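In this text, all values refer to a predicted model and were calculated from it rather than measured experimentally.
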Amino acid sequence: MTVLKTSMRNFLAHKGRMALSAVAVVLSVAFVCGTLVFSDTMNTTFDKLFAATSADVTVSPKSAEDSDDAPRSGKPESMPASVIAEARKADGAKDAEGAVASQSVTVVDSDNKNLGPSNGGPTIAGNWTRNDLRSMDITTGHSPRGPTEVMIDADTADKHHLEIGDKLRTIAATGDHTARISGIATFKVTNPGAAIVYFDTATAQRELLGATGRFTHINVTADAGVSDNALKRNVASTLDKASYDIKTQKETADDNRKDVSSFLNVMKYAMLGFAGIAFLVGIFLIINTFSMLVAQRTREIGLMRAIGSSRKQVNRSVLVEALLLGVVGSVLGVGAGVGLAVGLMKLMSGIGMKLSTGDLTVNWTTPVVGMVLGVVVTVLAAYLPARRAAKVSPMAALRDAGTPADGRASVLRAVIGLVLTGVGGLGLYAASRADEAKEGSLLLGGGVVLTLIGFVVIGPVLASGVVRVISVVLLRAFGPVGRMAERNALRNPRRTGATGAALMIGLALVACLSVVGSSMVASATDELDKSVGADFIVQPTQPGVAITEKAAKALEKADHVGHITHYKQINADMTTPDGKTVDGVGLSAADPTYAKDLRRETVAGELSAAYGKNAMSTGDEFAKKHGLKVGDKLKVAFEHGRTAELRLAAITSDDSSVDKGAMYMNIATLKEYVPADRMPQNEIMFATAAKGQEDAAYQSLKDALAAYPQYKVMDQTDFKQTLKDQVGQLLNVVYGLLGLAIIVAILGVVNTLALSVVERTREIGLMRAIGLSRRQLRRMIRMESVVIALFGALLGLGLGMGWGATAQQLLALEGLKILEIPWPTIIAVFVGSAFVGLFAALVPAFRAGRMNVLNAIATE
């Protein structure tokens, strides 16, 4: 009880000094809890949606299971309407109705603006069914009653300001269809972001499937008292199991959930990873705080030891303070985490993924995880300072103003740090020389961890040398004030090392990712310059959509164009000459002009020959693996088509990042073996301008696709910029998340300086008494802060560039061979670190300048 009272008194006495450490705990716990609440809320939202939209039992074609057919042919797998009557005959079936649904569509308004979600969500077109009434209500107008009417969901209507009577054009594989809005339907549950349009059944069949009397799936409703599982068994007994996939409501919802779980999990674990980095940085802040508090209370601790307190009691007293800090910070962090989750939901709603706070889900595990993490991390971080306090003898504590340094510990730290850094460096070197990416990735991961730990351990040793160098460059020009700032930073290398290490971690990751991102862009740009001969590239701008035949024909009519190249992809089962069959091989079918549009190096044969009749090419890795050579005959069973015997006419080099491993053939050959209604659409197209007419051809191609906003015409400059923007957007998101760790690191600098000012109160008073002005005092503290920040920046940027250079060597195995150091970014971060140091010192310097000189001198 005495230990608890002492700890409580000390905690409350130093609550101001604990505040910044508490903020670090709050931020870290908030990020973890916010991530968990946000992901649980998204799961709840999708669970409700899928449960509401799934029928008691759903029947779909077997071939639609795990099929990539829809985005390639543009027509979903379907089945005859006769299946409805068969399903109705099943025992326990109350009713059955046919449904049509397709995601391979684009819907535009009268201004030709794409109504599809900007967040990557799907645009879904289908027929209005009774099953839709389970999840939606028609709140305005009525359902479609003919080919001239269409109904849209309320969220899309609100977002794009659509009203009854407005025209919508639906672009599908079968052609374009224009209709006016007859109704608006509102979801009973939250719609996370899909755009949905409904037709009457006959129109949906004709415009989405290209044939009447067919459906993509059938919804079967159970009689009262009949379970979904029982109805599934009964329906299965009336249908051909080999041809149809039959699922209960739960199974359908689970399958739908799997489609979004990968996206949700990537987001969840990425955010938790950054929360872990923030926790790691927070550990340094907490260690520094307690180390300084223990040093400042040396006399107090010594007195406690002198009057009978044991080492265990002293140790326990410090750990109880840490426990209190962890509990307070974690409780606040859990609450802040819920607020953060709500903020993330608002942010997602702003970019098109609507999430309702009514679905806010706080599972009991979330606060438990947050509390346990916050408390455990805080107590563990305080263990070393507590252990150090317990080791101080009573007489030594009463003699000295602080805990004496342990020379042997410093030597041991230096040795351990050098060993860890050396082993980690060897790991990075081995990763850069690896022959396989998988092996190299493991070595890279080990090298990163070991060098990071090594730099943290050896930080105090490095501080002595690095701070001196920085001081010579920056501080000596400020005379005595600069020299005092240097000596203050060097006074306690352990503290300076720990403070700099907190900033080092975040900046190391920033530097690493900057190097990797810049190298990827530079390598891809160089590869495009070497390989791409086409002047223009046409690509869809939304996932799941290919280039329709109508759009492709519009491109063919463009003026000032030398040639247009069609490019399709299809899966096939391939049997090699030795009788082995490789399932699901992807083949690229293109016009012969593709050999000019994309220059590929061959290791055997001529690529132009691969576009001959019943010929093909393969990459050299596939050829080596299966012992193939030019002239071999391969049996190729095309998806939804017949089996062909193709001659291997060329083997291309896989030493490339563009079309690596691609197998080419002529579209004319593909047409011989795949029915016209099963032919895949173009996934991308290429064009070359007539000689000297590049600008005119560019504009002509854009004009040809003016009616199709889902496609983009790019010249090589546009394509490179798009690639750069995509990498840049990803890096910006990562930098934003790393900003949390950097904020915690800044708090560490603030806390270190604030406690350092308190620790040096008497010294500051004496300096002021002998003539140091307030301005000089503040400048000294700001310079000390800048030196510490630049020390952390130098270590972090140097370490991060080493990691990034090693990672680029692994990317070189995939064809990305250029290492590019983004010096503008690195220099900007380094200079920014100096401003971070200035900012962090503002409050401590201001407080130091306001000290009463006589009171400061009298401080014990």
Margin query: Looking at every heavy atom in both Asp583 and Thr581, which two are closest together, and how far apart are they?
Written below: OD1-CG2, 3.6 Å
Checklist line | Contact summary for His560 and Ala697, nearest pair of heavy atoms | finding: O-CB, 3.1 Å
Going by atom types alone, do [X] and [Y] pair a side-chain donor with an acceptor below 3.5 Å?
| X | Y | result |
| --- | --- | --- |
| Asp725 | Gln721 | yes |
| Thr53 | Ser135 | no |
| Tyr664 | Asp659 | yes |
| Thr129 | Asp132 | yes |
| Tyr594 | Asn666 | no |
| His161 | Asp166 | no |
| Thr139 | Thr186 | yes |

Note to self: Checking the side chain of Gln716 only, and the main-chain atoms of Val532 only, is there a donor and an acceptor separated by less than 3.5 Å?
What the structure shows: yes
Check: Quick one: is the NZ or CZ of Arg169 closer than 6.0 Å to the six-membered ring centre of Tyr708, and within 45° of its axis?
Finding: yes
Notebook entry, point to check: Is Asp254 close to Arg257 at the side-chain level, that is, under 4.5 Å between some pair of heavy atoms?
Noted result: yes
Checklist line | Set of side chain to side chain contact (heavy atoms under 4.5 Å, CB included) partners for Arg88, sequence neighbours left out | finding: Ile84, Asp95, Ala96
Next item on the list: May I have all residue pairs that pass salt bridge (charged side-chain N to carboxylate O under 4.0 Å, His left out) and include part of residues 195-214, sequence neighbours excluded?
Entry: none
Check: Step by step, would you call Asp228 with Lys250 a salt bridge (Lys or Arg N to Asp or Glu O under 4.0 Å)?
Finding: CA-CA 9 Å; Asp228 291 353; Lys250 183 179 183 304; over 6 Å; no
Item checked: Those residues that, when tested against Asp155, pass salt bridge (Lys or Arg N to Asp or Glu O under 4.0 Å) (two or more places apart) -> Lys354
